[in-house]
Chemist: 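Quick one: this structure, given as structure tokens, is what I'll be asking you about.
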Amino acid sequence: MIDRLIEGIRKTGAPIVVGLDPQLAFIPETIRKKALDEHGESLEAAAAAILAFNRGIIEAVADLVPAVKPQIAMYEQFGVPGLMAFRETVEECHRKGLLVIGDVKRGDIGSTSGAYAAAHLGTVKIGSKTIAPFDEDFCTVNPYLGSDGVRPFMDVCRANDRGIFVLVKTSNPSSGELQDRMTDGRPVYELVGEMVNRWGAELTDRSGWSEVGAVVGATYPEMGRVLRKVMPRSYILVPGYGAQGGSGKDLVPFFDADGLGAVVNSSRGIIAAWKKEEYASFGEAGYADAARAAVLAMKKDIAEALGA
């Protein structure tokens, strides 16, 4: 699966993932009103508004980027209807030829971790049928329960040609409270990076890049430089661009000498671009066109930083 992501990056020239993390405040009033008129003040109305909003974004950016990353919490908060909107969002992305990174941050042990992996990357057998519940192409995994929380995901990846991105150094300000702690003279995030490298050696695609990638925040470029060396064959999913403070120049350490090895996520900087001053001329009705313009600006920023 990582080879398909690399192929998409080369085809579009955009090592970019659009984060489909909708909030009701991001959704134009016309879309929200239509959903409320049809479903009343209900969870179903929220889910319908999210799905309609997502479809506009997906249509606008599908030819520009290789992948999207829906954050499941933004859907789960609206209960079962929200999860149905998540599943339909995944389906719509696949129809448009986009890969989907499910930002689910799952991680447990034994059969529980195996069930999470089956739900998001694998299949379940019901009677004579085999069904893919959510059917993402990749998902994010929390490694802090250790190897027996990660290996069930690796097993499902191996069986279904899927991939994972393991949390190594996250972009949030308080990540250092745990991830920067020193153990035997080294920070925890570096030790986790070494584990990702070992896991990744067991699961590589034809290109030599691993199906076991890492999540490292754009807000920590110097740590990214170290981790790029620690995990030479793992793709790095880089959150924190734009709204969280990361810029194109911060991204350079995450890439290798060939301009490969990283894919950068932007969520509200793209999907809520219409609310920003520089894209205000698009208005509510042009929210999807504003998102497209934001992707093009991000693509230019990254290309200039990488000297492309």
Side-chain angles (χ1 to χ4, degrees), residues 1-2 4-5 8-9 16-23 47 50-51 53-55 57-58 61-62 65-108 112-124 131-143 149-168 170-171 196 203 210-217 234-239 263-268 270-271:
M1 187 56 67
I2 194 66
R4 286 187 58 195
L5 178 60
I9 291 170
I16 293 170
V17 175
V18 174
L20 295 177
D21 304 351
Q23 299 179 32
I50 283 172
L51 186 57
F53 176 77
N54 282 354
R55 283 175 171 153
I57 298 288
I58 293 162
V61 306
V65 299
V68 296
K69 183 178 72 64
Q71 163 50 256
I72 200 167
M74 298 304 177
Y75 303 81
E76 282 183 350
Q77 66 181 320
F78 299 114
V80 173
L83 285 175
M84 292 175 68
F86 179 88
R87 181 66 173 87
E88 290 182 53
T89 294
V90 173
E91 290 176 347
E92 182 70 13
C93 292
H94 283 159
R95 282 193 290 269
K96 294 295 185 180
L98 292 163
L99 294 176
V100 178
I101 302 171
D103 194 356
V104 300
K105 296 183 176 71
R106 298 296 194 251
D108 211 301
T112 309
S113 203
Y116 281 138
H120 291 283
L121 301 176
T123 59
V124 293
I131 302 170
F134 287 108
D135 201 26
E136 299 107 302
D137 303 295
F138 300 86
C139 76
T140 54
V141 175
N142 189 330
V150 175
R151 289 198 176 278
F153 284 91
M154 293 175 61
D155 292 341
V156 170
C157 286
R158 189 176 289 110
N160 296 275
D161 186 24
R162 296 292 189 264
I164 57 175
F165 289 96
V166 178
L167 306 184
V168 175
T170 56
S171 59
V196 167
L203 198 61
S210 175
E211 303 287 14
V212 182
V215 178
V216 182
S234 288
Y235 247 71
I236 300 176
L237 173 61
V238 188
V263 61
V264 185
N265 177 79
S266 178
S267 298
R268 61 185 180 272
I270 292 173
I271 67 172

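One-based numbering along the sequence shown.
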Chemist: I would like to know whether Cys93 and Leu20 meet side-chain contact (heavy atoms from CB on, under 4.5 Å); could you show each step before the answer?
Modeler: CA-CA 11 Å; Cys93 292; Leu20 295 177; 3.9 Å; yes
Chemist: Do Arg162 and Val156 pass the side-chain contact (heavy atoms from CB on, under 4.5 Å) test, and can you show the C-alpha distance, the side-chain angles, and the key distance before you say yes or no?
Modeler: CA-CA 7 Å; Arg162 296 292 189 264; Val156 170; 5.7 Å; no
Chemist: Return yes if some donor-acceptor pair links the side-chain N/O of Asn142 with the main-chain N/O of Gly107 below 3.5 Å, else return no.
Modeler: no
Chemist: Hey, does the side chain of Glu76 reach the backbone of Gly82 with a donor-acceptor pair shorter than 3.5 angstrom?
Modeler: no
Chemist: Checking the side chain of Arg268 only, and the main-chain atoms of Asp21 only, is there a donor and an acceptor separated by less than 3.5 Å?
Modeler: no
Chemist: For the pair Asp108 and Arg106, find out whether any cationic side-chain nitrogen is under 4.0 Å from an anionic carboxylate oxygen.
Modeler: no
Chemist: Would you check, one step at a time, whether the test side-chain contact (heavy atoms from CB on, under 4.5 Å) holds for Tyr116 with Val104?
Modeler: CA-CA 9 Å; Tyr116 281 138; Val104 300; over 6 Å; no
Chemist: Could you go step by step and tell me if Glu88 and Arg55 meet the salt bridge (Lys or Arg N to Asp or Glu O under 4.0 Å) rule?
Modeler: CA-CA 10 Å; Glu88 290 182 53; Arg55 283 175 171 153; 3.7 Å; yes
Chemist: Under a 4.5 Å cut-off applied to non-hydrogen side-chain atoms, are Asn160 and Leu121 in contact?
Modeler: no
Chemist: Kindly give the heavy-atom pair with the smallest separation between Phe153 and Ile164, and that separation in Å.
Modeler: CB-CG2, 4.1 Å
Chemist: So do the side chains of Cys139 and Val141 get within less than 4.5 Å of each other, counting heavy atoms only?
Modeler: yes
Chemist: So how far is it from Ile9 CD1 to Arg4 CZ, rounded to the nearest 0.5 Å?
Modeler: 13.0 Å
Chemist: Are side-chain heavy atoms of Phe138 and Ile2 found at a separation under 4.5 Å?
Modeler: yes
Chemist: Looking only at non-hydrogen atoms, find the nearest pair between Ile271 and Gly19 and report the distance.
Modeler: CG2-O, 3.6 Å
Chemist: Less than 4.5 Å apart, side chain to side chain, heavy atoms only: is that true for Val18 and Ile58?
Modeler: no
Chemist: Specify the closest pair of heavy atoms between Leu5 and Ala67, including all atoms of both residues, with the distance to one decimal.
Modeler: CD1-CB, 4.1 Å
Chemist: From Lys69 NZ over to Ser266 OG, what is the distance, rounded to the nearest 0.5 angstrom?
Modeler: 10.0 Å
Chemist: Please name all residues satisfying ring pair (Phe, Tyr, Trp, His ring centres under 6.0 Å) with Phe86, sequence neighbours left out, ordered by chain then number.
Modeler: Tyr75, Phe134
Chemist: Kindly give the heavy-atom pair with the smallest separation between Ser113 and Gly149, and that separation in Å.
Modeler: OG-O, 2.6 Å
Chemist: Check whether any side-chain heavy atom of Val100 lies under 4.5 Å from a side-chain heavy atom of Thr89, and answer yes or no.
Modeler: no
Chemist: State the OG1-NE2 distance between Thr140 and His120, to the nearest 0.5 angstrom.
Modeler: 9.0 Å
Chemist: So Leu167 and Lys105, do their side chains get closer than 4.5 Å, heavy atoms only?
Modeler: yes
Chemist: Drop me the distance from Met1's CE to Leu203's CG, to the nearest 0.5 angstrom.
Modeler: 11.5 Å
Chemist: Would a distance-only check, ignoring hydrogens and angles, find a side-chain to backbone donor-acceptor pair under 3.5 Å from Ser210 to Ser234?
Modeler: no
Chemist: Please report the C-alpha distance between Leu51 and Glu92 in whole Å, then the side-chain angles of each, then the deciding distance to 0.1 Å, and finally whether the side-chain contact (heavy atoms from CB on, under 4.5 Å) criterion is met.
Modeler: CA-CA 10 Å; Leu51 186 57; Glu92 182 70 13; 5.7 Å; no
Chemist: Sub-3.5 Å donor-acceptor pair from the side chain of Ser171 to the main-chain atoms of Gly217, do we have one?
Modeler: no
Chemist: Does Met84 have more than 12 heavy atoms from other residues, nucleotides or ligands lying within 6.0 Å of its CE?
Modeler: no
Chemist: For Val68 and Val17, which heavy atoms make the closest approach, and how far apart are they?
Modeler: C-CG1, 3.5 Å
Chemist: Applying side chain to side chain donor-acceptor pair (under 3.5 Å), name anything that partners Glu91, two or more places apart in sequence or on another chain.
Modeler: Arg87
Chemist: Whether the side chain of Gln23 engages the backbone of Met74 through a donor-acceptor N/O pair (distance < 3.5 Å, no angle test) should be reported.
Modeler: no
Chemist: Minimum heavy-atom separation for Pro133 to Ile131, with atom names?
Modeler: CD-O, 3.3 Å
